[in-house]
Number of protein chains: 2
Amino acid sequence: MGDAAVLERAAPRRRDADATRAAILEAAKAQFARSGYDHTGLRDIAAAAGCDVALIKRYFGGKEGLFTEALKASFHPDRLKAWDRATFPRDVAAMMAGSPHAAEAQTQSFQFLLRAATSPTTAPLLNVAVQERFLAPIGEWLGGDEAAARARVLAAVFIGFLVERLIREAPLTGREREVFVERAAATFETVLK
Amino acid sequence: MGDAAVLERAAPRRRDADATRAAILEAAKAQFARSGYDHTGLRDIAAAAGCDVALIKRYFGGKEGLFTEALKASFHPDRLKAWDRATFPRDVAAMMAGSPHAAEAQTQSFQFLLRAATSPTTAPLLNVAVQERFLAPIGEWLGGDEAAARARVLAAVFIGFLVERLIREAPLTGREREVFVERAAATFETVLK
DNA sequence: ACGGCATGTCAATCACTGTTGACTTAAGCT
DNA sequence: AGCTTAAGTCAACAGTGATTGACATGCCGT
């Protein structure tokens, strides 16, 4: 088994600070998104990145530093611009109807944000991030004078569906799923209107 | 100061298992709502309840048991029935526009819910509670065949606004507040329709 | 009054986690 | 090749928090 483990790692990664740093960051993004700030151990991240815990301190200063950087790296508001305002309601509604585990990559950054919402350590960081990287872009996307307030509403609804999906246990199926998507789409429609 | 502390507690509570249990539960509800599951220490709860940590184990089995019970005790779906379906959208919208700290008592149970949503330990417990004590009553309130799916949507939107308010930093004022309330009300209107 | 049991207290244990400094090893340059 | 330095490893530390069992004490029935 030890041999297998060694074999799996074709190239044990020649000493490369940048690559290691990137690996840590990637692992951190995934772990933080999956388990939240509190339930993510630095040892887990290090193991996933294939390196030692001490390197996290060296490269990121500590857990909070790593989190902050992962937060920045995890959020790509550019993706917002790719959304088509016409199909947005139904697309998002369908996404929200999916299982919490499926399409995790799509929503990793949001899960990330969400899981950060309840830790006192991360709440302040989150607030800034949401403002800069969520509300502002959404407001811009919406346009108009009342963009700020309307962005808040959109953000609220968006987050709400994320949470609902997060705590949902049994997947939505059949008629229930249809109705859910339909109503959710109608809701987003109203928000955008 | 020691004297003062003693004096504050007029009756150090004669030995009464029920009263102690209730005190613990009350303290737990407040603490869990304020700080979430992870950041609430049993010692804090015990201190607030004026007893020893070990009693928590005796009466509730452990932290998780205490949480489960606090979750049940914290939820009062009866309040739903008091809501008037006609004025619901605007009432709720106005409530959501309020400051996160004001009217904390009103929303303690929801804070509680919210803080539990993002912890892996409590998410399953929460799921059951939400299903039984939130979705079911809402579904009943909404009525109709598609009540279940529509209840999910309402719950999602509701929770979303709660979160938004929770992480909001500056209070909403003036025109922004007006627009927010208006848009939020319209959203709830759509959900109920 | 007194003995037994419920109630409450105390301190130790155990597991976990972030942090840290000393140590080892590989890479790259002269 | 040999040396220097960055890159990576290791083990220990310190703080925390839940859990636990042994112990003390007040209450109630006899």
Round to the nearest Å and state the distance from A:R21 atom CZ to D:dA6 atom C1'.
15 Å

Between P on C:dT24 and CZ on A:R15, what's the gap in Å once rounded to a whole number?
13 Å

From the options A:Q31, A:K63, A:R115, select the one residue that forms a side chain to side chain contact (heavy atoms under 4.5 Å, CB included) with A:Y37.
A:K63

A:E189 with A:K193: basic N within carboxylate O range, under 4.0 Å:
no

Closest to the B:R43 side chain, choosing from C:dT17, D:dG17, D:dA7:
D:dG17

Would you mind reading off the distance between B:D52 atom CG and C:dA12 atom C1', rounded to a whole angstrom?
13 Å

So B:L42, base contact, sugar-phosphate only, or nothing? Heavy-atom distance under 4.0 Å.
sugar-phosphate

Send over the distance from A:D38 CG to C:dG18 P, rounded to a whole Å.
10 Å

Find the distance between CZ (B:F67) and CG (B:L42) and round it off to the nearest 0.5 Å.
12.5 Å

Pairwise 5' ranking along DNA chain C for A:Y37 and A:R58, keeping only the more 5' one:
A:Y37

Just to confirm, is there a sub-4.0 Å distance from OP1 or OP2 of C:dG8 to any side-chain nitrogen or oxygen of B:T20?
yes

Looking at B:E176 and A:R152, does any basic side-chain N land under 4.0 Å from a carboxylate oxygen?
yes

Measure the distance from CG on A:D16 to P on D:dA6 and round it to the nearest whole Å.
15 Å

When we call it a touch if two heavy atoms are under 4.0 Å apart, what does B:A17 touch: a base, just sugar-phosphate, or nothing?
sugar-phosphate

What is the distance, to the nearest angstrom, from the CD1 atom on B:I56 to the P atom on C:dT7?
16 Å

Taking only N and O in the side chain of B:K57, is any of them less than 4.0 Å away from OP1 or OP2 of D:dT19?
no

Taking atom P of D:dG15 as reference, at what distance in whole Å does atom NZ of A:K63 sit?
18 Å

Is the shortest side-chain N to carboxylate O distance from B:E26 to B:K29 below 4.0 Å?
yes

In whole angstrom, give the distance that lies between atom CG of B:L55 and atom P of D:dA22.
17 Å

